[in-house]
Amino acid sequence: MSSGLTRRRGGGGGGGGAGADDENGESSRVASPVPKAGASRDTGGPETSYESGENGHKIAFDPRDISESAERSKQPKLTLMEEVLLLGLKDKQGYLSFWNDNISYALRGCIVIELAFRGRVSMQKDSSRRRFPLADRVIEVIDDTLTGEVLLDEALKLMKGSEKMSVSSWIDLMSGETWNLMKIGYQLKQVRERLAKGLVDKGILRTEKRNFLLFDMATHPVADGGAKEEIRRRVRNVLTQRTVVLPASQFLPENLEFKYIRTIAMVCAAYAANVLENALATLGHEARERAFAQVDELLAEYSQWPFGKRTGGASGVGANLGQVVGEEVSNGKDKELQLEVVAACLSVFTRLDSLL
């Protein structure tokens, strides 16, 4: 089954190191568009509140810090973007492959998916939307509460202060794929480097300086190999096991909503970003081919809404996925418009090569 993606075997990554993000290679930030009049740039609450300390003095705090901490406690330690980037990074060298054109675009798609999983965006509730392909349906912000993840919050503010646009339009604009100079400010800059620095803050990577002939570049070798190995195991679990069981961990909490759908989205995003090979390096040739056939099927099934019916993939791999995903969808009936956004992003991934 063809997904429209080119299967590159180089264990890819980005077109340069983690700091060489974005097509124009610029390190300067482009100012975000000015929000419309009346658009709030915060969560609507006071920026500073006070509580009484033991000695009677007032203690100042920002309520947004408390809400962000509560948000983090309910979410996996790593975002989808960080997991995909981590799969692409060379463990010891700390940079991405120089021969990959897809990862920047795929990471922007992961940002939209992550916002949907966190209940920040959804498809616009309009029955006429079904006349349009998934990727061309309009999404809207349904909760502008900050997540505590810098890139997610930056994208959320862009969406909140902008006209409503489709899934494919947002991924294009955040990737800088536009001829409209009025919208060039929507591009998210230095995404790979910022994600890598976030992983340094979380103790997964460390920062080093590496000399590349004419220039020095910051690299980010893996500091916590257990985190990357957990992601690899999860990928192999989904793509090689007849019965897929995802054990709870700090990277996938037991009570996490849409645990299986999130993992499928991560696997498909890694495939679209040309970094999936890195998780399958320990498999034999035939096993790798079966794994790629399996992810082709997953991408076809979950890039439509409602998700495609599944009775078992290649050689019966993942035979229970249809059931567990069906249970997750049934338990989240009120969030179907958010899952529709996830399916729309995966549909964009199926035609990624033709967009670049």
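In what follows, every heavy atom counts, from backbone to side chain, and hydrogens, waters and symmetry copies are set aside. Numbers here are sequence positions counted from 1.
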Residue list, side-chain contact (heavy atoms from CB on, under 4.5 Å) with Arg129, at least two apart or on another chain: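 By the side-chain contact (heavy atoms from CB on, under 4.5 Å) rule, Arg129 matches Met123, Arg137, Leu337, Glu340.
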For Glu257, side-chain contact (heavy atoms from CB on, under 4.5 Å) partners two or more places apart: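 Residues passing side-chain contact (heavy atoms from CB on, under 4.5 Å) with Glu257: Lys335.
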Under the 3.5 angstrom rule, does the side chain of [X] hit a backbone N or O of [Y] as a donor-acceptor pair?
{"X": "Tyr260", "Y": "Glu327", "result": "no"}
{"X": "Arg232", "Y": "Ala281", "result": "no"}
{"X": "Ser347", "Y": "Ala344", "result": "yes"}
{"X": "Lys228", "Y": "Leu89", "result": "yes"}
{"X": "Arg290", "Y": "Thr240", "result": "no"}
{"X": "Arg120", "Y": "Ile142", "result": "no"}
{"X": "Asp172", "Y": "Glu177", "result": "no"}
{"X": "Asn237", "Y": "Val244", "result": "no"}
{"X": "Asp91", "Y": "Val222", "result": "no"}
{"X": "Asn278", "Y": "Leu87", "result": "yes"}

Which value, rounded to the nearest 0.5 Å, describes the distance between [X] atom [atom1] and [Y] atom [atom2]?
{"X": "Thr79", "Y": "Ile111", "atom1": "OG1", "atom2": "CD1", "value": "8.5 Å"}
{"X": "Leu252", "Y": "Leu246", "atom1": "CG", "atom2": "CG", "value": "6.0 Å"}
{"X": "Ile103", "Y": "Met81", "atom1": "CD1", "atom2": "CE", "value": "12.0 Å"}
{"X": "Leu199", "Y": "Lys197", "atom1": "CG", "atom2": "NZ", "value": "12.5 Å"}
{"X": "Leu346", "Y": "Glu301", "atom1": "CG", "atom2": "CD", "value": "11.5 Å"}
{"X": "Thr219", "Y": "Glu208", "atom1": "OG1", "atom2": "CD", "value": "5.0 Å"}

Heavy-atom closest contact ([X] atom, [Y] atom, distance):
{"X": "Ala196", "Y": "His220", "result": "CB-CD2, 3.5 Å"}
{"X": "Gly109", "Y": "Cys345", "result": "O-SG, 3.9 Å"}
{"X": "Ala269", "Y": "Ala106", "result": "O-CB, 4.2 Å"}
{"X": "Asp136", "Y": "Ser168", "result": "OD1-OG, 3.5 Å"}
{"X": "Phe307", "Y": "Val325", "result": "CD1-CG1, 4.0 Å"}

Can you pull the ring-ring contact (aromatic ring centres under 6.0 Å, His included) pairs that have at least one residue in residues 116-173, sequence neighbours excluded?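 The answer is Trp170-Tyr186.
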Side chains of Asn180 and Thr178: any donor to acceptor distance under 3.5 Å?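 Side chains of Thr178 and Asn180: no pair found under 3.5 Å.
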Side-chain H-bond candidate by donor/acceptor type, Arg192 with Ser104, under 3.5 Å: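 The answer is yes; a qualifying pair exists.
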How far apart are the C-alpha atoms of Arg262 and Glu328, what are their side-chain angles, what is the distance that settles it, and do they pass the salt bridge (charged side-chain N to carboxylate O under 4.0 Å, His left out) test? CA-CA 11 Å; Arg262 170 183 278 272; Glu328 288 186 337; over 6 Å; no
Step by step, work out the salt bridge (charged side-chain N to carboxylate O under 4.0 Å, His left out) result for Lys157 and Glu154. CA-CA 5 Å; Lys157 288 179 180 180; Glu154 185 175 334; over 6 Å; no
Carboxylate-amine/guanidinium proximity below 4.0 Å for [X] and [Y]:
{"X": "Glu140", "Y": "Lys125", "value": "no"}
{"X": "Glu149", "Y": "Arg194", "value": "no"}
{"X": "Lys202", "Y": "Glu83", "value": "no"}

Quick one: do Val238 and Met266 satisfy side-chain contact (heavy atoms from CB on, under 4.5 Å)? Show the steps, please. CA-CA 11 Å; Val238 170; Met266 181 270 289; over 6 Å; no
Between Ile139 and Val141, is there shared hydrophobic-cluster membership here, with clusters defined by ILVMFWY side-chain heavy atoms closer than 4.5 Å?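 Yes, because Ile139 and Val141 connect within a single hydrophobic cluster, where side-chain heavy atoms sit under 4.5 Å apart.
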Does Val138 belong to the same Ile/Leu/Val/Met/Phe/Trp/Tyr cluster as Leu158, with side-chain heavy atoms less than 4.5 Å apart forming each link? no
Mind checking whether Leu280 and Val235 have side chains closer than 4.5 Å, heavy atoms only?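 A side-chain contact under 4.5 Å exists here.
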Arg233 and Glu230: salt bridge (charged side-chain N to carboxylate O under 4.0 Å, His left out), yes or no, with the steps? CA-CA 5 Å; Arg233 280 197 301 267; Glu230 196 276 344; 5.8 Å; no
Given Leu151 and Leu195, is the side-chain contact (heavy atoms from CB on, under 4.5 Å) satisfied, shown in steps? CA-CA 8 Å; Leu151 277 171; Leu195 286 173; 3.5 Å; yes
Candidate pair Phe349 and Ile113, rule side-chain contact (heavy atoms from CB on, under 4.5 Å), full reasoning: CA-CA 12 Å; Phe349 290 163; Ile113 294 174; 4.1 Å; yes
CA sep, side-chain torsions, deciding dist, call: Leu276, Leu239, side-chain contact (heavy atoms from CB on, under 4.5 Å): CA-CA 11 Å; Leu276 189 66; Leu239 298 183; 4.0 Å; yes
